[in-house]
Amino acid sequence: MKSGNSVLSSYGTTIFEVMSRLASQHGAINLGQGFPEGLESERLLGSVSQLMTDGPQQYAPMMGVQELRRAVATHSHRFYGLDIDPETEVMVTSGGTEALADCLFGLIEPGDEVVLIEPLYDSYLPILRRAGAVPRLVRLSPPEWTLPKEELAAAFGPKTKLMILNSPMNPNGKVFTESELAFIADLLVKHDAYCVCDEVYEHQVYDGLRHIPLMTLPGMRDRCLKVGSAGKTFSVTGWKVGHVIAAPHLLQPVAKAHQFITFSTHPGLQIAVAEGLRWDDEYFIGLTRGLQSRRDRLGNGLSAIGFDVLPCAGSYFISADFRALAKRKGFVGDDTEFCRLITMEAGVAAVPVSAFYEDGGVRDYVRFCFAKTEEILDVAVRRLSEYFS
Ligand SMILES: Cc1ncc(COP(=O)(O)O)c(C=O)c1O
């Protein structure tokens, strides 16, 4: 029998799926996969259940329902001062992941180079390779996750078509500073490259910090494709409603990929998301505040147990060095084995940070998702505490 595509077939099942399955087999609390629990808005759920009954039920327009495209443009102006034309510069997708894939399939020519920063979200590499691009990886390392500017500059060259930048960043919670963004912007201009900006955690930025879209920097408006996800903004990851914002000359080829992959997204979900984006600041402030307090609750609990918890400025995740605890238990193994151990023995699942690197590399850190109810976080901390005491 002939085989399937060799690029995609070379990747195994994602670590999120593997750990989630293991968690459910062992009745473990799943702090591995990044889905929120207990943060969904009753108001939004009420709207959507009404829309599911009343309709519409048929294909939505390819670029998204007008209400949502307008709401995305208004949201971008309200939070970032961006002037976006909802008719020509916004496209609704089935989640941030589809938006990213559309950008890559829509822009890449075989042989193009793409600059990426590790640790990275798992869909980037398989998709860009399937599109024929050659990745140029630049590594951030714990515990500082400092941007190695010289290495980044060296990764750019005449074949660079684009860069993918994820800020706030999964899995390490890094939020890129204005000066780091300015450095990146200079490289993009110098090499005439684009940037796919994965900003799905734009409303998960803590401690009074501000999310700065790269698109708002001088010269970046026409070079950036800004990706967002209602799954993260409204704690409904199962809805898979995302969007891309980009200048028309960039959005047009990206829309071709969308046209041939999903074409459109459930209209009722889109209308509900549009309603959410119009909510006043209270909602967005409350979301951030609630997650920040959960971050602190879990972080303090893990520190008290003996994890060396790293700072987290954004996203749903904190990462922690487990070496001191491993030593206490006489455990010798890497981060993947440690995650299996705590899932099966302590009843709490996490994911290994090495899974976010192409060649593993970093092996002493695990990632925990704190976007859970306080009760779940407390039980997880209690279970880990009992196990390691
Ligand atoms: C960095 C990053 N980008 C994109 C996504 C995908 O977003 P969506 O669930 O809307 O497809 C995720 C989801 O976890 C993510 O962590």
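Whatever order the structure lists ligands and atoms in, that order sets their numbers, starting from 1. What you see below is based on every heavy atom in this structure, not just the backbone, and it leaves out hydrogens, waters and symmetry mates.
For K240, there are no salt bridge (Lys or Arg N to Asp or Glu O under 4.0 Å) partners two or more places apart in sequence or in a different chain. In this structure, D186 has no side-chain hydrogen bond (donor to acceptor under 3.5 Å, both in side chains) partners at least two apart in sequence or on a different chain.
At least one donor-acceptor pair closer than 3.5 Å links the side chain of N30 to the backbone N or O of Q33. Side-chain atoms of E345 do not come within 3.5 Å of backbone N or O of Y387 as any donor-acceptor pair.
Taking the six-membered ring where the residue is Trp, F317 and Y201 present perpendicular rings, their angle passing 60° and hence far from 30°.
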Ignoring hydrogens and angles, write down the donor-acceptor pairs under 3.5 Å from the side chains of residues 138-153, residues two or more places apart or on other chains.
unit_1: R139; atom_1: NH2; unit_2: D359; atom_2: OD1; d: 2.7

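Around ligand 1 you find G95, G96, T97, L100, Y121, N166, N170, D198, V200, Y201, S229, K232, K240, each with a heavy-atom distance below 4.0 Å.
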